[in-house]
S.K.: 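Right, I'll just put the structure down here and ask away after.
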There are 2 protein chains.
Amino acid sequence: MAEAGRPNPNFMNGVPELLILRLLLEREMYGYQLVRAIRGATGEAIALGEGVIYPALHALEADGALASRRETVAGRTRVYYRVTTGGRRRLGRITKDYSRITGAIRDVLRGPPSEKPAF
Amino acid sequence: MAEAGRPNPNFMNGVPELLILRLLLEREMYGYQLVRAIRGATGEAIALGEGVIYPALHALEADGALASRRETVAGRTRVYYRVTTGGRRRLGRITKDYSRITGAIRDVLRGPPSEKPAF
DNA sequence: GACAATACCTATCAGTTCGATGTATGATAC
DNA sequence: GTATCATACATCGAACTGATAGGTATTGTC
């Protein structure tokens, strides 16, 4: 049962996918770069390792949501990913779902109008 | 990889716990009642079955976050749960964690100031 | 020459949640 | 009167994520 304090103990489902698609929408990136971009964009609140990102990128590409391009820079191979049209649709869907659910949770956390806020 | 459309495909971790504690803070409830309260409070956005709620209640009680009281009404036994002092602390912690992370995600979804909103 | 950082990758483990199933009672419909 | 549904509890196994840990290879630094 999720202990608080650790960087991010499980927490959410589909969020890695959501963050990846949203960040790649702005500009194409390669995996290793994405790993740090997520740390950076969330102010360390969310830290997804390479073991999460790479498989997710592969799956998204296999699903046609991402397309990739290889480039070798200073002897290192980078695989740049960009969002496809299908990926944009997918991002739209999951963003809507995500907002719907977190919105519902927020309402519950706020509590009924009568009650003075719990926090 | 989380298919959209189903009632609530996995989605989050610790959210059942969060909702349970928050709703029980307002008034004590029994398990079956909670199942419907969650459906109701989230406008069907989140529907947690009994297979989620009962084990969660047992675990929270075992952890000292909830206390229970049995009552028989019209031949049916109800187990009412209320939040303990420790449970209130716990709710405070996980609410803060939750807000921190969803806040970070919201920032990412909003995108950089320069960019026009994606949706 | 060792070590850290970059850059890719995969396999396994652990934790959650979902779905199915089971028991039992009371109320309702036929 | 009996079949069915809603109430109310409970547990187990399956499925899915995501976290951890490991593995390769190159470049740059001390």
Side-chain angles (χ1 to χ4, degrees), chain A residues 1-20 28-39 42 46-63 66 68-81 94 98 101 105, chain B residues 1-20 28-39 42 46-63 66 68-81 94 98 101 105:
Chain A
M1 189 143 302
E3 191 58 56
R6 272 174 296 156
N8 51 318
N10 271 350
F11 193 64
M12 286 202 184
N13 269 22
V15 166
E17 181 185 331
L18 184 60
L19 294 176
I20 289 170
E28 69 169 9
M29 285 194 258
Y30 54 96
Y32 193 77
Q33 184 182 11
L34 243 181
V35 170
R36 287 172 308 178
I38 290 174
R39 278 176 173 276
T42 63
I46 300 174
L48 302 174
E50 299 165 54
V52 173
I53 297 303
Y54 287 122
L57 288 172
H58 300 333
L60 284 169
E61 183 172 28
D63 282 8
L66 295 179
S68 68
R69 161 179 82 78
R70 322 191 120 254
E71 188 178 325
T72 299
V73 176
R76 288 190 191 87
T77 303
R78 295 173 175 177
V79 185
Y80 281 90
Y81 292 91
I94 64 179
Y98 174 85
I101 305 214
I105 296 171
Chain B
M1 186 143 305
E3 190 58 54
R6 272 174 295 157
N8 51 318
N10 273 349
F11 192 63
M12 285 202 184
N13 270 22
V15 166
E17 181 184 331
L18 184 60
L19 295 176
I20 288 169
E28 69 170 9
M29 285 194 260
Y30 55 96
Y32 193 75
Q33 184 182 13
L34 243 180
V35 169
R36 286 172 309 176
I38 290 174
R39 277 176 173 277
T42 63
I46 300 174
L48 302 175
E50 303 169 48
V52 173
I53 297 302
Y54 288 123
L57 288 173
H58 300 333
L60 284 168
E61 183 173 27
D63 282 9
L66 295 179
S68 69
R69 163 179 81 79
R70 321 191 122 255
E71 189 178 326
T72 299
V73 177
R76 288 190 191 87
T77 303
R78 295 174 174 175
V79 185
Y80 282 90
Y81 292 91
I94 63 180
Y98 175 85
I101 306 214
I105 296 170

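Naming: A, B, ... by sequence-line order, numbering from 1 per chain.
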S.K.: Take atom CD1 of Ile38(A) and atom P of dG18(D), then tell me their distance rounded to the nearest Å.
M.R.: 11 Å
S.K.: In whole Å, I'd like the distance from the CZ atom of Arg69(B) to the C1' atom of dA8(D).
M.R.: 15 Å
S.K.: Is the distance from OP1 or OP2 of dA7(C) to the nearest side-chain N or O of Tyr30(A) less than 4.0 Å?
M.R.: yes
S.K.: Grab the CD1-C1' distance between Ile53(A) and dT20(D) for me, whole Å please.
M.R.: 15 Å
S.K.: Could you measure the distance from the CD1 atom of Ile53(B) to the CD1 atom of Ile20(B)? Nearest 0.5 Å is fine.
M.R.: 4.0 Å
S.K.: For Arg70(A) and dA25(D), what is the distance between atoms CZ and P respectively, to the nearest whole Å?
M.R.: 15 Å
S.K.: I need the CG-P distance between Leu19(B) and dT16(C), as an integer number of Å.
M.R.: 16 Å
S.K.: Please report the distance, rounded to the nearest Å, between CD in Gln33(A) and P in dC9(C).
M.R.: 14 Å
S.K.: May I ask you to evaluate whether Arg36(A) reaches the phosphate of dT6(C), defined as a side-chain N or O under 4.0 Å from OP1 or OP2?
M.R.: yes
S.K.: If you take all heavy atoms of Glu50(A) and Pro55(A), which pair is closest and at what distance?
M.R.: O-CD, 3.7 Å
S.K.: As a quick check of understanding, evaluate side chain to side chain contact (heavy atoms under 4.5 Å, CB included) for Leu60(A) and Tyr81(A), giving each step before the final call.
M.R.: CA-CA 10 Å; Leu60(A) 284 169; Tyr81(A) 292 91; over 6 Å; no
S.K.: Looking only at side-chain atoms of Tyr32(B), point me to the closest of dT7(D), dC18(C), dC9(C).
M.R.: dT7(D)
S.K.: Whole-Å distance between dT16(C) P and Leu60(B) CG?
M.R.: 11 Å
S.K.: Look only at the side chain of Thr42(A) and the backbone of Ile46(A), and say whether a donor-acceptor pair between them is shorter than 3.5 Å.
M.R.: yes
S.K.: Using distance only, find each side-chain donor-acceptor pair of residues 30-39 of chain B under 3.5 Å and give its atom names and separation, not counting sequence neighbours.
M.R.:
residue	atom	partner	partner atom	Å
Tyr30(B)	OH	Arg78(B)	NH2	3.4
Gln33(B)	OE1	Tyr30(B)	N	3.2
Arg39(B)	NH1	Glu44(B)	OE1	3.2

S.K.: Might you list the N or O atoms of the protein lying below 3.5 Å from N or O atoms in nucleotides 11-13 of chain D, with each pair's distance?
M.R.:
residue	atom	partner	partner atom	Å
dT11(D)	OP2	His58(B)	NE2	3.4

S.K.: Could you state the atom-to-atom distance from CD1 of Ile20(B) to C1' of dT17(C) in whole Å?
M.R.: 12 Å
S.K.: Say you draw a straight line from CG of Leu19(A) to OH of Tyr98(A); how long is it, rounded to the nearest 0.5 Å?
M.R.: 8.0 Å
S.K.: Mind checking side-chain hydrogen bond (donor to acceptor under 3.5 Å, both in side chains) for Thr77(A) and listing every partner two or more places apart, or none if nothing turns up?
M.R.: none
S.K.: Using a heavy-atom cut-off of 4.0 Å across all strands, would you classify Arg76(A) as base, sugar-phosphate, or nothing?
M.R.: base
